[in-house]
Protein chains: 2
Amino acid sequence: MSKAEATRERILDAALEEFSTFGVAGARVDRIARKAGCNKNLIYIYFESKEKLFTTVLRRHLADVDLQMPFMPDDLPGFAGKVYDFATAHPEILRLLAWSTLEQSAQLPATREESFRDMAAAVADGQREGRVDPGFAPEFLVTTLMAIATAWSPALPFGTSTRHPAPEVLRDNVVRAITLLVRPHVDGAANDADQSFAVTGSGPEPETPGAGERL
Amino acid sequence: MSKAEATRERILDAALEEFSTFGVAGARVDRIARKAGCNKNLIYIYFESKEKLFTTVLRRHLADVDLQMPFMPDDLPGFAGKVYDFATAHPEILRLLAWSTLEQSAQLPATREESFRDMAAAVADGQREGRVDPGFAPEFLVTTLMAIATAWSPALPFGTSTRHPAPEVLRDNVVRAITLLVRPHVDGAANDADQSFAVTGSGPEPETPGAGERL
DNA sequence: AGCAACTAACTAACCAGTTAGCAAAACAGT
DNA sequence: ACTGTTTTGCTAACTGGTTAGTTAGTTGCT
């Protein structure tokens, strides 16, 4: 690795720390340079601007995510467990993702939307083949899985609550919750809302977002 | 309402919009003043600083939340539905909450931790009385409920994915997911994850929610 | 007059991005 | 091997626009 490449890496590492702590608006380029032990100008030589640097950092680490967590269509609970492990092991990356969601900076929709659609399609397959309960919309199950598996990240609004069960307990609960949600259940009596699934195909979009208006 | 009070209100409204869009670091005091149609200095007269203004806005709206969504211990699915409705109707407040989680600004732990503990305690009661399935830790159920019910807010990392089912479907799915998670299931046969439940309790733990035990 | 509500203009610090140039290594010609 | 030149990697110091926060003063109502 050339000296320049090594410096580039140090900048990316320092930037990850800075951005995940302060977001784009709160991040300071001088601070990144200091953490990386290099001159500020190098940041502008290697990465054009603060925003581009953020995008680069985010891209790199989201690519990591896809590699470390290949989607497992026929073991959704197992996948949820892996997502939980990842979120627990890498809170910085969850924070990075959270920042990029709030600040609308960094448009990298292509890959993420794609993988979301892939997952939903795989779940829909599972439903047709009877491996996955058809009582929920595929997109609902995918989003719910991710939401539950990452809910305990300090990056998310409800992950911060003081006292939580031990990590092993949490992980076990996450896996079992997904098991419960996706496993086909016999009933029919218990599940009164199968018609909702028929509605799933985005019909006439209602003007008012609040569907349940019975406050 | 005095003229001064009216101005104060306009500032708070403008500040909600600004902070929920840009966060604290990204917010501009001049922009808030312009939106409120008042002089910037008034902001410093009525609220000391940008940070204090943010805290004030957050406090006010979180207080609203508690009023609008009283916790319903014996109808958790119904409560989840209300939370979903609220999150759908008030994305700005979800964003505000998300910002305040990421930026560690604004410490208002007292009320939120309190209500979290209250909810968990109520769930634990429900488990003891057999109304709620004892298979999950109470804290797990509370956090999961909130995570699922708010997962489709654009403020959260996985709420942004392109195609979602229609709002009514989503709401119905949310309510039914919580129903599935909290309803006592007769199982034994239905739930092959019972051994994981044994692991969960970190010891011989027959009836009491072993899951919730260890912190 | 006196007070409450408000304003215009200012200040000092900050911060993304730039300029101009240094030092050493690689390279070429002789 | 020696010298001049170019390239690579880097740095110190600067710039100009922006921004939180301040000061000193105005307006209008009682």
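Each chain gets a letter, A, B and so on, in the order its sequence line appears, and its residues count up from 1. Keep in mind that the numbers below use all heavy atoms, side chains included, and drop hydrogens, waters and symmetry copies.
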Without decimals, in angstroms, what is the distance between Ile45(A) CD1 and dC10(D) P?
9 Å

Rounded to whole Å, NZ of Lys52(B) lies from C1' of dG21(D) at a distance of 13 Å

With ring centroids as reference points, do Trp152(A) and Phe158(A) lie under 6.0 angstrom apart?
no

Considering only heavy atoms of chain A and a distance under 4.0 Å, specify the first and last nucleotide of DNA chain C in 5' to 3' order that meet this criterion.
dC15(C) to dT19(C)

Whole-Å distance separating the CG atom of Leu42(B) from the P atom of dT23(D)
16 Å

Asn41(A) (side chain) and dA12(D) (base): donor-acceptor pair under 3.5 Å:
no

Applying the side-chain contact (heavy atoms from CB on, under 4.5 Å) test to Val182(A), which of Leu76(A), Asp75(A), Asp133(A) qualifies?
Leu76(A)

Residue set satisfying ring pair (Phe, Tyr, Trp, His ring centres under 6.0 Å) with Phe19(A), at least two apart, ordered chain then number -> Phe54(A)

Is Asp172(A) salt-bridged to Arg176(A), cutoff N-O under 4.0 Å?
yes

Whole Å only: how far is the CZ atom of Arg34(A) from the P atom of dT11(D)?
15 Å

Applying ring pair (Phe, Tyr, Trp, His ring centres under 6.0 Å), name anything that partners His61(B), two or more places apart in sequence or on another chain.
none

Protein heavy-atom contacts under 4.0 Å, written 5' to 3' over nucleotides 15-20 of chain D as B (base), S (sugar-phosphate only) or - (none), form the string ----SB

With a non-hydrogen cut-off below 4.0 angstrom, is Tyr46(B) in contact with a base, only sugar-phosphate, or nothing?
sugar-phosphate

Taking all non-hydrogen atoms of both residues, which atom of Val24(A) and which atom of Lys50(A) are closest, and how far apart?
O-NZ, 2.8 Å

Going by side-chain contact (heavy atoms from CB on, under 4.5 Å), name the residues that satisfy it together with Ser115(A), two or more places apart in sequence or in a different chain.
Met119(A)

Which residues pass the side-chain hydrogen bond (donor to acceptor under 3.5 Å, both in side chains) test with Arg28(A), sequence neighbours left out?
none

